[in-house]
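Hydrogens, waters and symmetry mates are skipped; everything else that's a heavy atom, side chains included, is used.
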Amino acid sequence: MSRALELAAKAMVHATPNPRVGCVVVREGRVIGEGYTQRPGSNHAEAEALLDARRSGHDLHGALVYVTLEPCAHFGRTPPCSTALIEAHVGQVIAAVEDPNPQVAGRGLEMLRQAGIDVRCGLLKQDAIEMNPGFFSRMTRGRPWVRIKAATSLDGRTGLENGASQWITSEAARADGHAWRARSCAVLSGIGTVRADDPSLSVRLVETSRQPLKVLVDSRFEVTPQARLFDGHPVLVVCTKRDPHKAEQLAARNVEVIELPADERGKVDLTALMRELARRAINELHVEAGYRLNGSLMAAGLVDELLVYLAPCLIGPGQPMIELPAVTSLTQIRRLTLRELVRIGEDLRLLARVQ
């Protein structure tokens, strides 16, 4: 199963909106086939592993199959993987975790049992869930897994008082940040960041087979059509009231503009936005925004983890990472769970999960 998880990681970038799944086929104690999720519309992990075994002339009858997610039981863009396993006459299937998709949700395992296949589930379950936090979030909570990325000084500043922020961290850290962009389904930012930095938000510093959707939160639809954000890849602009003429201009540049309800401050209702992104099959949402939008996401309870690059420098007065309300007691502070601390070039990468 550990090997199956390694294979699933090979689908980190291209699998979306499908889950990243790995599969290993074993016969008489020897691996005879391996596979992982291909691009949407192509083979799932199980079909790839069975095909790999057949290419080498192996008999699949009675084989043992390890797979990191319950085999699907429904027709999507590909036939059900449970049917493929049954038709291959495998003897046993060990799945790491049940598929949270309501279209599957145990039905795949039950199909296998009804066909007389020995089925087990739960091996390295948590590791399998961690491989697909966005897919599990979308299926069980109706919203993407939200990750805020920030590059800061050791005193927690993401920029100078005048807004200058390029570059606080090293080139290695910036490239690593692009790898996290690449694995995400969408990259979200706010109009303040677009006005200040004019970012492209595309993946450039690492190789990628797919560019994530770019999402701009722009409540009053103030963005200029000349923004670099609109160069080359699909963009979703979210506002509370659209200008039809500007929206028509942007449509010619592969930009969709949608209206969502406003919150009590007149800003885009971020909870409604998350529901809309889930409807669009966005699993992981990578946020690269300013401290105000970061703070609004945190206040709305929509942030799952923080990806922070800490540079060995001090800025002094400047822009914070997240705008948070003042508290009067340490009992009121927001506790995080530190998941990872890694050195990247001259900087530290910290991954912390919101409790």
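For Asp243, there are no salt bridge (Lys or Arg N to Asp or Glu O under 4.0 Å) partners, not counting sequence neighbours. The side chain to side chain donor-acceptor pair (under 3.5 Å) test applied to Thr337 returns Gln355, not counting sequence neighbours. The salt bridge (Lys or Arg N to Asp or Glu O under 4.0 Å) check on Arg27 picks up Asp59, with sequence neighbours excluded. Considering only residues two or more places apart in sequence or on other chains, Thr224 meets the side chain to side chain donor-acceptor pair (under 3.5 Å) condition with Gln226. Applying the side chain to side chain donor-acceptor pair (under 3.5 Å) criterion to Thr240, with sequence neighbours excluded, gives no partner residue. Partners of Asn294 by side chain to side chain donor-acceptor pair (under 3.5 Å), not counting sequence neighbours: none found.
Annotation for Lys10: atom NZ does not count as buried by contact number, only 12 or fewer foreign heavy atoms lying within 6.0 Å. Applying the 6.0 Å contact sphere to CZ of Arg220 captures no more than 12 heavy atoms from other residues, nucleotides or ligands. Annotation for Glu6: atom CD counts as buried by contact number, over 12 foreign heavy atoms lying within 6.0 Å. Within 6.0 Å of the CD atom in Glu171, the count of heavy atoms belonging to other residues, nucleotides or ligands does not exceed 12.
In terms of hydrophobic clustering, with Ile, Leu, Val, Met, Phe, Trp and Tyr side chains grouped at heavy-atom distances under 4.5 Å, Leu302 and Tyr291 are assigned to different clusters. In the hydrophobic clustering of this structure, Leu85 does not group with Val26; members are Ile, Leu, Val, Met, Phe, Trp, Tyr whose side-chain heavy atoms approach within less than 4.5 Å, directly or through other members. Cluster annotation: Leu348 and Trp167 are assigned to distinct hydrophobic clusters (Ile/Leu/Val/Met/Phe/Trp/Tyr, side-chain heavy-atom contacts under 4.5 Å, transitive). Grouping the Ile, Leu, Val, Met, Phe, Trp and Tyr side chains by contacts below 4.5 angstrom, directly or via other members, places Leu350 with Val146. With hydrophobic clusters built from ILVMFWY side chains whose heavy atoms lie under 4.5 angstrom apart, Ile86 shares a cluster with Leu109.
Residue pairs meeting the salt bridge (charged side-chain N to carboxylate O under 4.0 Å, His left out) criterion with at least one partner in residues 258-277, sequence neighbours excluded, are Asp263-Arg265, Glu276-Arg279, Glu276-Arg280. A side-chain hydrogen bond (donor to acceptor under 3.5 Å, both in side chains) check over residues 135-145, counting only residues at least two apart or in different chains, returns the pairs Ser137-Arg141, Arg138-Asn283, Arg141-Asp304, Arg143-Asp304, Trp145-Glu305. The salt bridge (charged side-chain N to carboxylate O under 4.0 Å, His left out) contacts involving residues 223-235 comprise Asp231-Arg253, where partners must be two or more places apart or lie in separate chains. The ring-ring contact (aromatic ring centres under 6.0 Å, His included) analysis of residues 80-120, with sequence neighbours excluded, yields the pairs His61-His89. Pairs passing the ring-ring contact (aromatic ring centres under 6.0 Å, His included) check and including a residue from residues 15-34, sequence neighbours excluded, do not occur.
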**Study point:** Residues Leu250, Val257; criterion side-chain contact (heavy atoms from CB on, under 4.5 Å); working and verdict
**Key:** CA-CA 8 Å; Leu250 291 173; Val257 181; 4.2 Å; yes
Review point. Which is it for Glu222 and Arg195 under the salt bridge (Lys or Arg N to Asp or Glu O under 4.0 Å) test, yes or no, and what are the steps along the way?
Key: CA-CA 9 Å; Glu222 299 170 308; Arg195 274 200 300 252; 3.0 Å; yes
Practice item. Before giving the answer on side-chain contact (heavy atoms from CB on, under 4.5 Å), spell out for Tyr66 and Leu5 the whole-Å C-alpha distance, their side-chain angles and the decisive distance to 0.1 Å. Key: CA-CA 10 Å; Tyr66 293 88; Leu5 286 164; over 6 Å; no
Review point. Given Val303 and Val287, is the side-chain contact (heavy atoms from CB on, under 4.5 Å) satisfied, shown in steps?
Key: CA-CA 9 Å; Val303 179; Val287 179; over 6 Å; no
Exercise for review: List the steps, then state whether side-chain contact (heavy atoms from CB on, under 4.5 Å) holds for Leu213 with Val215.
Suggested key: CA-CA 6 Å; Leu213 173 71; Val215 181; 4.0 Å; yes
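Between the side chain of His286 and the main chain of Val187, no donor-acceptor pair closer than 3.5 Å is present. Side chain of Thr208 to backbone of Arg204: no donor-acceptor contact under 3.5 angstrom is found. When atom types are taken as modelled, the side chain of Ser189 and the backbone of Thr193 share no donor-acceptor pair closer than 3.5 angstrom. The backbone N or O of Ile32 lies less than 3.5 Å from no partner atom in the side chain of Ser56, so there is not a single donor-acceptor pair. Side chain of Ser82 to main chain of Gly108: a donor-acceptor pair is present (N/O by atom type, distance under 3.5 Å, no hydrogens or angles). Arg157 places a side-chain N or O within 3.5 Å of a backbone atom of Gly318 that can act as its donor or acceptor partner. Arg334 places no side-chain N or O within 3.5 Å of a backbone atom of Val354 that could act as its donor or acceptor partner. A donor-acceptor pair under 3.5 Å links the side-chain atoms of Asp52 to the main chain of Glu34, judged by distance alone. Although no hydrogens or angles enter the test, the distance criterion places a donor-acceptor pair under 3.5 Å between the side chain of Gln332 and the main chain of Ser329. No side-chain donor-acceptor contact under 3.5 Å links Glu70 to the backbone of Ala95.
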Return all side-chain donor-acceptor pairs below 3.5 angstrom for residues 128-135, not counting sequence neighbours, or 'none' if the list is empty.
unit_1: Glu130; atom_1: OE1; unit_2: Arg339; atom_2: NH2; d: 3.4
unit_1: Glu130; atom_1: OE1; unit_2: Arg353; atom_2: NH1; d: 3.4
unit_1: Glu130; atom_1: OE1; unit_2: Arg353; atom_2: NH2; d: 3.2
unit_1: Glu130; atom_1: OE2; unit_2: Arg339; atom_2: NH2; d: 3.2
unit_1: Glu130; atom_1: OE2; unit_2: Arg353; atom_2: NH1; d: 2.9
unit_1: Asn132; atom_1: OD1; unit_2: Arg20; atom_2: N; d: 2.6
unit_1: Asn132; atom_1: ND2; unit_2: Arg20; atom_2: O; d: 2.9

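A donor-acceptor pair shorter than 3.5 Å cannot be found between the side chains of Asp347 and Thr169. Between Asn43 and Gln38, the side chains place no donor N or O within less than 3.5 Å of an acceptor N or O (distance only, hydrogens not considered).
Ile94 contributes atom CD1, which lies 13.0 Å from atom OG1 of Thr68 (distance to the nearest 0.5 angstrom). Note that the CD1 atom of Ile191 and the CG atom of Leu216 stand 5.0 Å from one another [nearest 0.5 Å]. Within the model, atoms CZ of Arg3 and SG of Cys23 stand 12.0 Å from one another, a figure rounded to the nearest 0.5 Å. Atom CG of residue Leu285 and atom CG of residue Leu188 lie 5.0 Å apart, to the nearest 0.5 angstrom. Rounding to the nearest 0.5 Å places CZ of Arg349 at 12.0 Å from CG of Leu310.
Between Cys313 and Ser153, the shortest heavy-atom distance links the atoms O-CB, 3.4 Å. Residue Ala175 comes nearest to Val206 through the heavy atom pair O-CG1, 3.4 Å, listed as atom of the first residue, atom of the second, then distance. Residues Pro225 and Gln249 approach most closely at CG-OE1, 4.0 Å, considering heavy atoms. Across Ser184 and Arg210, no two heavy atoms sit closer than the pair O-NH2, 2.9 Å.
In this structure, Lys241 fails the cation-pi test against Phe221, since its NZ or CZ atom is not both closer than 6.0 Å to the six-membered ring centre and inside 45 degrees of the ring normal.
Using a 4.0 Å cut-off between charged side-chain N and carboxylate O, Glu28 and Arg30 make no salt bridge. A salt bridge links Arg120 to Asp118: at least one charged side-chain nitrogen sits closer than 4.0 Å to a carboxylate oxygen.
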